[in-house]
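A short worksheet on the structure shown next.
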There are 2 protein chains.
Amino acid sequence: MTNKANLNNLTKSEEDYLKALFQLLIEDNSEKVGNNQLAEYLKVSPASTNNMIKKLKTKNYVVSEKYGKLELTDEGRAIAVRLIRKHRLWETFLYNYLNFSWDEVHEVAEQLEHIKSYKLIDELDRFMDFPEKDPHGELIPNAKGEYKVIPKITLSSLVEGDVCKLVAVNDGSVNFLRFVSEIGLALSSEIKVLEVREFDKSIRIQFNDTVETVTRKFADNVFVKVV
Amino acid sequence: MTNKANLNNLTKSEEDYLKALFQLLIEDNSEKVGNNQLAEYLKVSPASTNNMIKKLKTKNYVVSEKYGKLELTDEGRAIAVRLIRKHRLWETFLYNYLNFSWDEVHEVAEQLEHIKSYKLIDELDRFMDFPEKDPHGELIPNAKGEYKVIPKITLSSLVEGDVCKLVAVNDGSVNFLRFVSEIGLALSSEIKVLEVREFDKSIRIQFNDTVETVTRKFADNVFVKVV
DNA sequence: TAAAAAAGTTAGTCATGACTAACAAAGCAA
DNA sequence: TTGCTTTGTTAGTCATGACTAACTTTTTTA
Ligand SMILES: [Mn+2]
Ligand SMILES: [Mn+2]
Ligand SMILES: [Mn+2]
Ligand SMILES: [Mn+2]
């Protein structure tokens with residue numbers, strides 16, 4: 001059993017590296033995650049990640065062979081899931097109780113997720129009556145550390161004529177999130193794909209009587225479920 | 001005018017030093033605060049404080065002559081007051097909404113006070129409907145940075161026969177706070193001083209039909225108003 | 001399959017914020 | 001006023017987590 005002492009003892013940096021690794025491995029479902037990929041994701045140099053990975057290996061949170069791919073141990077994974085739980089609970093709190101908008105919650109949650117207190121997060125969960133999803137549509141891991149992914153594909157993977165429902169958005173970019181709201185899209189919006197343009201992969205979509213053309217990059221960050 | 005850019009840019013350490021200096025200078029009303037006193041308060045070495053003070057002086061938050069006493073600039077003071085505002089608002093939130101007890105709030109608030117977001121703290125304030133006092137009885141500075149102290153003296157300064165009301169407690173020690181609750185004291189308790197023992201300065205007090213003998217050290221941390 | 005490109009590693013440096021040990025200045029007391 | 005004690009400062013070290021530059025290994029491609 002992973003024991004209570006683990007969560008503490010970790011620096012903010014160590015936590016951020018483990019979370020990033022989890023996001024690349026599990027959320028992006030990558031076949032292989034390498035040192036440089038992690039570096040790019042975290043916007044640090046490959047030397048920095050190499051160094052931190054070394055440390056996380058001695059602490060038994062990460063496993064890898066020299067020049068080989070990176071993997072999380074069960075313990076490393078558990079820490080990452082707890083961070084994601086904290087992050088998403090805080091985002092939900094900011095959004096539902098403190099008048100934060102879609103695009104404002106992520107940055108502050110990035111800080112709040114590192115506050116060390118079991119009671120704080122479990123009480124926050126209770127206070128909000130155990131919410132299932134965060135403001136971007138993602139599932140919040142429960143107190144037992146169970147992590148589930150909502151079934152979804154990217155809008156960019158659809159073809160002409162497909163009809164889908166927006167179930168989640170990538171919350172990494174403030175500008176992207178603002179733009180999503182601006183054009184009138186929100187969680188649960190029903191979207192119809194009118195046309196996929198071959199030469200630049202831009203997509204013409206329709207939702208609530210609005211027709212918009214969005215880029216491939218935009219569509220990559222919108223997660224949907226075909227209806 | 002102190003401008004918005006200030007609050008950010010500061011490390012957790014820098015913030016903690018400024019807050020500590022404020023607490024020694026203003027809250028403890030010390031005539032003179034020296035380097036070693038600050039070191040002892042923060043439980044670091046005099047070399048560490050000397051080093052940090054040097055940095056805070058170049059950043060114009062602290063003023064002092066070599067071998068002279070430490071003082072805060074208006075800007076340094078403003079940063080400290082904002083930290084105290086954040087600390088007390090978070091303590092109030094934890095206590096009133098998340099089932100934290102008197103003695104649990106301080107430690108977590110020590111972390112939460114360093115979260116950087118103007119919106120977060122002002123919205124938290126609004127969410128709680130602009131509370132006046134924190135769970136230990138201290139006044140919460142408002143968004144304009146106005147800092148006020150509640151009129152109070154220590155229980156230990158009273159003499160036989162005095163009757164007072166408990167208005168605040170020192171929140172630094174978990175054991176102390178737990179003991180205060182255990183014997184049945186709370187904010188607003190009316191206390192009568194039955195006897196002050198000369199040889200060890202212990203005090204016999206009465207409150208809600210209870211009679212207790214408390215030590216000088218205990219009485220130093222209980223703040224009262226004579227009625 | 002050999003050269004080139006990409007990925008990963010190592011060495012050395014820097015800033016931050018701790019520390020100890022040694023030293024200097026102030027403040028007090030005899 | 002002279003020493004003794006307290007207070008403050010400086011120098012040098014360490015851990016953490018960044019960085020660049022140089023090097024090595026692996027993978028790709030011609
Ligand atoms: Mn987020
Ligand atoms: Mn983070
Ligand atoms: Mn407190
Ligand atoms: Mn603090």
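Computed from a predicted model, the values in this text were never measured in an experiment. Lettering of chains follows the sequences in order, A, B, ..., and the numbering in each one begins at 1.
- Not one side-chain nitrogen or oxygen of B:K69 sits closer than 4.0 Å to the OP1 or OP2 atom of C:dG27.
- Distances shorter than 4.0 Å separate some side-chain N or O of B:N36 from OP1 or OP2 on D:dG8.
- Taking 4.0 angstrom as the limit, B:K66 places a side-chain polar atom (N or O) nearer than this to OP1 or OP2 of D:dT10.
- Look at A:N51 and you won't find any side-chain N or O under 4.0 angstrom from OP1 or OP2 of D:dG17.
- What separates NZ of A:K12 from P of C:dG17 is a distance of 15 Å, to the nearest Å.
- Centroid-to-centroid, the aromatic rings of A:F218 and A:F179 come within less than 6.0 Å.
- Taking atom CD of A:E40 as the reference point, atom C1' of D:dA18 lies 18 Å away to the nearest angstrom.
- OP1 or OP2 of D:dA18 lies within a sub-4.0 Å distance of a side-chain N or O belonging to A:Y17.
- Between B:L112 and A:Q111, the closest side-chain pair of non-hydrogen atoms is not below 4.5 Å.
- If you check D:dA21, C:dG8, D:dT9 against the side chain of B:Y67, the one that comes closest is D:dT9.
- Comparing D:dT16, C:dA18, D:dA18 against the side chain of A:K55 picks out D:dT16 as the nearest.
- When all heavy atoms of A:E14 and A:N9 are compared, the closest pair comes out as OE1-O, 4.0 Å.
- Distance CE/A:M128 to CZ/A:F130: 10.0 Å, rounded to 0.5 Å.
- For the pair B:L10 CG and C:dA15 C1', the interatomic distance rounds to 16 Å; values are reported in whole Å.
- For the OP1/OP2 pair of C:dG8 and a distance below 4.0 Å, the side-chain nitrogens and oxygens of A:T49 include no atom meeting the criterion.
- Regarding B:Q37, its CD atom lies at a distance of 15 Å from the P atom of C:dG27, rounded to whole Å.
- Side-chain nitrogen and oxygen atoms of B:S45 include at least one within less than 4.0 Å of the OP1 or OP2 phosphate oxygen of C:dC19.
- The NZ-C1' distance, from B:K43 to C:dG17, rounds to 18 Å in whole Å.
- Phosphate contact (OP1/OP2 of C:dA7, side-chain N/O of A:N35, threshold under 4.0 Å): absent.
- Closest to the side chain of B:M52, out of C:dG17, D:dT10, C:dT9, is C:dG17.
- Residue A:E15 contributes atom CD, which lies 16 Å from atom P of D:dT16 at whole-angstrom precision.
- The shortest distance between the side-chain N/O atoms of A:K54 and the OP1/OP2 oxygens of D:dG17 is not below 4.0 Å.
- The pair A:E123-A:R126 meets the salt-bridge criterion, since a charged nitrogen lies less than 4.0 angstrom from a carboxylate oxygen.
- The nearest whole Å value for the distance from the CG atom in B:N50 to the C1' atom in C:dA25 is 13 Å.
- Between A:S48 and the phosphate of D:dG17, there is no side-chain N or O to OP1/OP2 separation shorter than 4.0 Å.
- One finds a side-chain N or O of B:T11 lying less than 4.0 angstrom from the OP1 or OP2 phosphate oxygen of C:dG17.
- Between B:E107 and A:K119 there is no salt bridge, since no side-chain nitrogen of the basic residue lies less than 4.0 Å from a carboxylate oxygen of the acidic one.
- Atom-to-atom, CD1 of B:I53 to P of C:dA18 comes out at 12 Å; the value is rounded to the nearest Å.
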